[in-house]
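Naming convention: chains lettered A, B, ... in sequence-line order (proteins, then strands); numbering from 1 in each chain.
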Amino acid sequence: SQTIHQWPATLVQPVGSPLSLECTVEGTSNPNLYWYRQAAGRGLQLLFYSVGIGQISSEVPQNLSASRPQDRQFILSSKKLLLSDSGFYLCARGQGTSGSHEQYFGPGTRLTVT
Amino acid sequence: GENVEQHPSTLSVQEGDSAVIKCTYSDSASNYFPWYKQELGKGPQLIIDIRSNVGEKKDQRIAVTLNKTAKHFSLHITETQPEDSAVYFCAAKVAGKSTFGDGTTLTVKP
């Protein structure tokens, strides 16, 4: 089966501290990988997506960055967190570049910036 | 870019009744329309999807309809049960990227 792991599950960080969230995928090769942020009571905002190792596309200008050092690993980072970075961060995987492929989500990381 | 609007934002029904959630999209090139169910504190789960060459799809108590001319699609849940209570999201996908609606909080009262 194809599984998505995210850690940590929850995180509380002070303003100005660095951030590193990790996502790993099992059971598939060369997946498309995505980072989304979900604010409380809102929909999903696409932050980054990657079609391969080292290939990152940013969807919105922000305080965050993403990297894909391995085929099945996707990392979301920040050098200095802002209060507005609080939210529920979701990693997702898809397959291929066709617009008709399903997308599956990981369990998410709840980030609170204090 | 794509814009997806979802209505209603909240929906409360009695157990056994039907629930309908509607979404509209703006980009006529969108060709894949999934629906997700999200329970509190968890990631969204894909529950049903429809592709642009299909008008309707059904899976047990859940059905989705698509009207490409009008650019809207709907989720229908029949014989609702308390465990159907969750937040439901629609999405429209084009060129490998999905745009999501803001979600509908469905409450099924026993």
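By number of non-hydrogen pairs under 4.5 angstrom with chain A, the leading residue of S98(B), G101(B), G103(B) is S98(B).
Interface remark: P34(B) contributes no atoms to any contact with chain A (heavy atom separation under 4.5 Å). Both the backbone and the side chain of L44(A) come within less than 4.5 Å of a heavy atom in chain B. Neither the backbone nor the side chain of Q45(B) comes within less than 4.5 Å of any heavy atom in chain A. Neither the backbone nor the side chain of Q6(A) comes within contact range of chain B, judged by heavy atoms closer than 4.5 Å. With a 4.5 angstrom heavy-atom cutoff, Q38(A) touches chain B only via side-chain atoms.
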F74(A) vs F48(A), ring pair (Phe, Tyr, Trp, His ring centres under 6.0 Å): CA-CA, chis, key distance, verdict: CA-CA 10 Å; F74(A) 204 23; F48(A) 301 95; 7.4 Å; no

Salt bridge (Lys or Arg N to Asp or Glu O under 4.0 Å) assessment of E22(A) paired with R72(A): CA-CA 11 Å; E22(A) 191 164 344; R72(A) 301 177 191 179; over 6 Å; no

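Aromatic ring centres of Y36(B) and F105(A): separated by under 6.0 Å.
None of L11(A), T114(A), L111(A), V15(A) except one satisfies the side chain to side chain contact (heavy atoms under 4.5 Å, CB included) rule with L81(A); the exception is L111(A).
Within the cation-pi definition used here (under 6.0 Å to the ring centroid, within 45° of the axis), R37(A) does not qualify as a partner of Y89(A).
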